[in-house]
Structures are given as C-alpha cells and as structure tokens.
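Order of the sequence lines sets the chain letters (A, B, ...), proteins ahead of strands, with each chain counted from 1. All values below come from the heavy atoms of this structure, side chains included, with hydrogens, waters and symmetry mates left out.
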Number of protein chains: 2
Amino acid sequence: MSKTGVLGAFEEMVLLAVVRQGDEAFGVSIRRELEERSGSDVAMGAVYATLDRLENKGLVKSRIGEPHVSRRGRPRRYYDIQPAGAKELERTLSVRDRMWEGIELPTTVPSADA
Amino acid sequence: MSKTGVLGAFEEMVLLAVVRQGDEAFGVSIRRELEERSGSDVAMGAVYATLDRLENKGLVKSRIGEPHVSRRGRPRRYYDIQPAGAKELERTLSVRDRMWEGIELPTTVPSADA
DNA sequence: CCCATAAACCTACAAAGTAGATAAATTCTT
DNA sequence: AAGAATTTATCTACTTTGTAGGTTTATGGG
C-alpha cells in the first residue's frame, strides 16, 4: 500500500474478492472472480504475489485446506480477511470518497452530434 | 495503469486533482490537494513522475504558464485532463463498482462493549 | 548584478504488479 | 505400486509505479 496510506488498486481488488468469497477464497477462485468483474486477464503470479504481501502485512491469513473428497490436485490454500484488512479497506474507501467529492467528469459524449 | 485496465491508486488521485482544479492545476497545487484530502505527506517527486507518465499516455496535457505579474520563481507547468483521461477515470470507477458490489465489511467495532 | 523565491526536474531506490515456467500434492488408471 | 492426469501453489526474472529528497532553473526585486 502506498505512502498515502491507501491500498494499491490491485491489492484492493484481491482483498475484496477474499471478503466476497468468505471462507472459500483460494488463488484460483480469486483469479476467476477478478477476471469476471474486471473483464481482463489476470496472471496467477500477480494474485499469489499480492496475497503474500497482504499476508505479510497482516491483512489476510491463510490455511491449507484438507486434501478432500475426490478432488485431485494439490490442496488449496484458503485466505481469510483479518480485522486489519477490513480497516484498510475502509480507510481506502474513505480517502477515495474525499478525492472524488464534487468531481464532475467532462462528459465523454460517445459520438453524437445533436 | 495495471493490466486490469484500471488506473493505479496514485494515478487516479493525481488525475482527480487535475480535474478538480480545472485550468489551475500545477505540481505544487496538486500536491497540496492530495495532502489535504488524504491526510498524509506526498513527495513532490511522486507527483511529477506520475504527471509525466500520465502525459506520456495521453491522459493529461501540459502547458507552461506565462511568467506573470509580480510572482517570482520559475514559471508553472499547468496540466489539463484529456478526453482519454476522463475515460480512464470512468472505466476505473465502473470496474471498482463491480468489485465492491454487495460487499459487506466485517463490522470493525471500534472498542465498545454495550 | 546578486538575492530570494517558487517551482520544476533529476537520480537512485523501494514497492507493486506481470508473465510464464516449474514444482508439489493429490487422485485415477492400469 | 508406478505412472499419467489434474489442480493448484510457488518461483524467478522482469516492468511499471511510487518514494525520498536533493539539485537546478527561471523568474522578480533590491
């Protein structure tokens, strides 16, 4: 998170995906959600690197999932938001609100003429 | 702006300050505004570096101000938003809205007990 | 001229984000 | 049990963004 005490844009999105998915959030599911909601590709590496950083900062916590009923593959690492993470999200939101306060975007008229 | 087609957190704030200040936005005034609204220190270098990048991407345009009536010091470089910049802000806003859609933050109770 | 002032610019670094390859842990098939 | 298939995590090397703080430039005033 930048010196302005605000989460980076990508950090914020990852954290939100973790919140939304409750106790079912793991790397692949987070990536899927980001791609769906942003409409662009997201690299696995980006997701894991960010999760690592968020965990180091104490904003999320991870646990390895049980190997599990007839599901192949390496066990999942699930992520949960921590109180500090929720606080960061709130802070980010409130700073941004102040930034957008009273902003009127120069209306981007698509292509009309009348 | 990251691969998710969204402006970085700091880029967004700088761009918003440019919009808000209309045709009066220059390095120092932008910094002042960011500090006021974020409540944290902002380095001049960060502001200029970001403005440079935004200009290279065509999101803002700069012009050197007239030396001017009894105002000492180096002339200002003023920044204006470009249509592409406004579009990026819109896109950033709309992606983020989708990300926050339906999010319920685990209520961070400050410290009460009743 | 030299000084004060205001602001731009530069340099070297730290942190965030990206791409794609590689490795690990598991189940299935034979 | 050995190996193929699968699912996911992890690593490495890199590009872009953001930071800190010092240096330079372009004024106007005495």
Side-chain angles (χ1 to χ4, degrees), chain A residues 1-15 17 21 24-35 38 40-57 59-60 62-79 88 92, chain B residues 1-15 17 21 24-35 38 40-57 59-60 62-79 88 92:
Chain A
M1 96 205 124
S2 64
K3 178 59 202 343
T4 42
V6 165
L7 293 163
F10 195 72
E11 287 178 315
E12 180 181 354
M13 294 195 291
V14 168
L15 212 40
Q21 300 186 2
E24 310 249 290
F26 65 104
V28 170
S29 70
I30 291 168
R31 185 216 345 221
R32 188 176 354 106
E33 168 141 354
L34 295 188
E35 290 190 329
S38 74
S40 324
D41 292 350
V42 171
M44 273 327 300
V47 173
Y48 286 115
T50 302
L51 285 168
D52 265 18
R53 256 180 263 130
L54 292 175
E55 184 157 30
N56 286 339
K57 294 186 203 156
L59 308 190
V60 300
S62 74
R63 68 202 144 84
I64 301 286
E66 287 301 308
H68 235 295
V69 280
S70 137
R71 209 206 98 248
R72 301 195 218 189
R74 185 167 180 170
R76 299 169 171 172
R77 177 180 289 275
Y78 289 103
Y79 290 87
E88 281 303 324
T92 296
Chain B
M1 108 200 120
S2 64
K3 180 57 203 343
T4 42
V6 166
L7 293 162
F10 196 71
E11 289 180 313
E12 178 180 357
M13 295 195 289
V14 168
L15 212 41
Q21 299 186 3
E24 310 248 292
F26 65 104
V28 171
S29 70
I30 290 167
R31 167 167 67 178
R32 189 176 352 104
E33 167 141 356
L34 295 188
E35 290 189 330
S38 75
S40 322
D41 293 349
V42 171
M44 270 330 296
V47 173
Y48 287 116
T50 302
L51 285 168
D52 265 20
R53 262 177 248 138
L54 292 175
E55 184 157 30
N56 286 338
K57 293 185 205 157
L59 309 190
V60 300
S62 74
R63 67 202 145 85
I64 301 287
E66 286 300 308
H68 236 292
V69 280
S70 137
R71 209 207 99 250
R72 301 194 216 189
R74 184 166 182 170
R76 298 170 174 171
R77 178 180 288 275
Y78 290 104
Y79 290 87
E88 280 303 324
T92 295

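One can place CZ of A/R31 at 11 Å from P of C/dG20, the figure rounded to the nearest angstrom. The CG atom of A/L7 sits 15 Å away from the C1' atom of D/dG18 (whole-angstrom rounding). Taking atom CG of residue A/L51 and atom P of nucleotide C/dA16, one finds them 14 Å apart after rounding to whole Å. What separates CG of A/L54 from P of C/dA15 is a distance of 15 Å, to the nearest Å. If you measure from atom CD of A/E12 to atom C1' of C/dA16, you get 14 Å, rounded to the nearest angstrom. Remark: P of C/dA14 and CZ of B/F10 are 19 Å apart, rounded to the nearest angstrom. Rounded to a whole Å, the CE atom of A/M44 is 18 Å from the C1' atom of D/dA13. Whole-Å rounding puts the A/E11 CD to D/dG18 P distance at 11 Å.
Between the side chain of B/R71 and the base of D/dG29 there is no donor-acceptor pair of N/O atoms closer than 3.5 Å. Scanning atom types as modelled, no donor and acceptor separated by under 3.5 angstrom connect the side chain of B/R74 and the base of D/dG28.
Residue contacts shown for B/G27 are limited to sugar-phosphate atoms, with no base heavy atom under 4.0 Å away.
Not a single salt bridge (charged side-chain N to carboxylate O under 4.0 Å, His left out) links A/R32 to another residue, sequence neighbours left out. Under the rule for a side chain to side chain contact (heavy atoms under 4.5 Å, CB included), the partners of A/E35 that lie at least two apart in sequence or sit in another chain are A/R31, A/D41, A/V42.
A side-chain donor-acceptor contact under 3.5 Å links A/S62 and A/E55. Side-chain polar atoms of B/E24 and B/S29 form no donor-acceptor pair below 3.5 angstrom.
For B/A49, counting side-chain heavy atoms from C-beta on, the closest listed nucleotide (C/dA7, C/dG17, D/dT19) is D/dT19. Comparing C/dT18, D/dG18, C/dT26 by their closest approach to the side chain of A/A43 singles out C/dT18. Of the listed nucleotides (C/dT18, D/dG18, D/dT8), D/dT8 has the atom at the smallest distance from the side chain of A/F26.
Counting heavy atoms from C-beta on, the side chains of B/V60 and B/V14 never come closer than 4.5 Å.
Comparing A/R72 and A/D52, the nucleotide of DNA chain D nearest to each residue sits closer to the 5' end for A/R72.
For B/K57, no side-chain nitrogen or oxygen approaches OP1 or OP2 of D/dT16 to under 4.0 Å. Taking side-chain N and O atoms only, A/R53 has a distance below 4.0 Å to OP1 or OP2 of C/dG17.
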